[in-house]
Amino acid sequence: MNDITFFQRFESDIVAGRKTITLRDASESHFTTGQQLRVGRYEDDVYFCTIEVISVTPVMLDELTQEHARQENMTLPQLKEVIADIYPGLTALYAIVFRLVTAA
Ligand SMILES: CC(=O)Nc1ccn([C@@H]2O[C@H](CO)[C@@H](O)[C@H]2O)c(=O)n1
């Protein structure tokens, strides 16, 4: 079983180390520093890598910066659009910073 999933369209950025954070809602804020997570694709739950959690920090939507966007390999407007799409109306997010441990 996988511990966390990402939309398939982000897989290549994650395994290349270009995407090093994810912004989630409270239901996925329970991960802890040092924890290693098996990562699967949201669409089919196929495992594709293992990541290690570096930090989990609450962040408000309007506090997101260019630095968050850079860590997502996006522009800030793109990132805000993605979040509005995935989490309509949500303003309280958690930034999960991670590093790639192994790619499948
Ligand atoms: C079921 C579910 O919520 N799945 C999610 C949620 C979020 N994300 C990513 O987090 C960043 C900002 O939210 C974006 O870059 C997406 O990477 C994702 O891939 N899959």
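Heads up: numbering here begins at 1 and tracks the sequence. One-based numbering, in listed order, for ligands and for the atoms of each.
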Are the side chains of [Y] and [X] in contact, using a 4.5 Å heavy-atom criterion?
X	Y	value
Leu61	Leu93	yes
Phe98	Leu37	no
Thr22	Glu28	no

Which atoms of ligand 1 sit under 4.0 Å from any heavy atom of [X]?
X	value
Tyr42	1 (C)
Met74	15 (O)
Lys19	11 (C), 14 (C), 15 (O), 16 (C), 17 (O)
Ile86	3 (O), 6 (C), 7 (C), 8 (N)

Return the closest protein heavy atom for [atom] as residue, atom name and distance.
atom	result
atom 7 (C) of ligand 1	Arg24 NE, 3.3 Å
atom 10 (O) of ligand 1	Thr22 OG1, 2.8 Å
atom 3 (O) of ligand 1	Tyr87 OH, 3.3 Å
atom 15 (O) of ligand 1	Glu72 OE1, 2.6 Å
atom 5 (C) of ligand 1	Phe7 CE1, 3.4 Å

Nearest heavy atoms of [X] and [Y], plus distance in Å:
X	Y	answer
Arg41	Gln8	CD-CG, 3.5 Å
Arg18	Asn73	O-CB, 3.4 Å
Met1	Asp45	SD-OD2, 4.0 Å
Ala69	Thr75	CB-C, 3.6 Å

Intermediate values then yes/no, side chain to side chain contact (heavy atoms under 4.5 Å, CB included), Glu11 and Ile14: CA-CA 5 Å; Glu11 177 179 349; Ile14 294 168; 5.9 Å; no

Looking only at heavy atoms, is any part of Phe10 under 4.0 Å from ligand 1, and if so is it the side chain, the backbone, or both, or is it neither?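 Within the 4.0 Å criterion, Phe10 contacts ligand 1 through side-chain atoms alone.
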
At under 4.0 Å between heavy atoms, is it the side chain or the backbone of Asp25 that contacts ligand 1, or both, or neither?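 No part of Asp25 is near ligand 1 at this cut-off.
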
Does any N/O atom on Val82 come nearer than 3.5 Å to any N/O atom on ligand 1?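 Min N/O separation from ligand 1 is not below 3.5 Å for Val82.
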
If I apply the N/O under 3.5 Å rule, does Leu23 come out as touching ligand 1?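 Yes, there is a polar N/O contact under 3.5 Å.
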
Common cluster, Phe10/Tyr47, ILVMFWY with side-chain heavy-atom separation under 4.5 Å: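 Different clusters.
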
